[in-house]
Amino acid sequence: MPELPEVETVRRELEPWLTGRTILKAERVDAPEGSKYSGLELASGQTIKTVNRRGKFLLLPLSHGDELIIHLGMTGVISPKDPGKHVRVKLSLSEGENPFLFFQDTRRFGRFLLVKAGNYSDLPTLFSMGPEPLSDDFNPGQFKAALQKSAMPIKPYLLSQKPVSGVGNIYADEALWASKVHPLTPAKKVAKRQIPLLVQMIKDVLAASIEAQGTTLNDYRTVNGEVGAYINELKAYGHKEEPCPRCGTAISKIVVAGRGTHFCPKCQKQSS
Ligand SMILES: [Zn+2]
């Protein structure tokens, strides 16, 4: 599932391709009009001003005051080449290199819709999202205040996007392992001394993964069709029963709030 590093990798490829291009036609292909795909007909004739990202959402402000919002969901891939199947949206662009954009989404968890710029009231995750993890707005003071608001275990609280945006299943496990925080620790019980370290590890893990163009487990591809290389750097995620790189204890896998969760039972002690 694409997380922040994967979406940022895609954003960096889309920006030079799409900025300044006019959308001649936006069509839904094998995708029903509805909350996931709405308003696309209004994109015709508008020029893409830039390609931004907020958490795992791609935000494309348009010339007439609208904004295209793209979420890759679990299997979304954006490509200039027609993938032939599972295409949900096709954009025809003004003259230039790669005049078509295809949004392919096999499992249909993705979204591709148009809203008035900045109007995210129908997108609750985007609407109530915490600060960008690589910005200075995400810092130990802010994070400590956010953690104190919840008794939810730290892992699903990170996934809620509320204390900080863009952290998904893989990077939550990696950052918790790196900072020695047990994934079931209630958010408000994370030790004070661990908070600055957890902030730093979230930033470090995400930044290193962006450098590697993200992590490819299954479907994720960059716009150029490449796979993300960060999979080779994962310490805990996907390493069930393999030795912890720090202490040699076998990595455990449990299910937390429905998500597979990897941790070292020796390094990541649950504080009581
Ligand atoms: Zn360990």
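For reference, positions follow the sequence shown, starting with 1. Order of listing sets the numbers, starting from 1, for every ligand and every atom in it.
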Do K235 and D173 sit within salt-bridge range, that is, some charged N less than 4.0 Å from a carboxylate O?
no
Are F112 and F103 close enough that their ring centres sit under 6.0 Å apart?
yes
Taken in chain and number order and not counting sequence neighbours, the residues that satisfy salt bridge (Lys or Arg N to Asp or Glu O under 4.0 Å) with R54 are E132
Looking at E33 and R28, does any basic side-chain N land under 4.0 Å from a carboxylate oxygen?
yes
Name all pairs fulfilling the side chain to side chain donor-acceptor pair (under 3.5 Å) condition that reach into residues 200-211, sequence neighbours left out, sorted by first residue then second.
Y171-S209, Q200-D204
Contacts of D82 that satisfy salt bridge (Lys or Arg N to Asp or Glu O under 4.0 Å) - sequence neighbours left out:
none
By residue and atom, what protein N/O/S atoms are less than 2.8 Å from the Zn ion (ligand 1)?
C244 SG, C247 SG, C264 SG, C267 SG
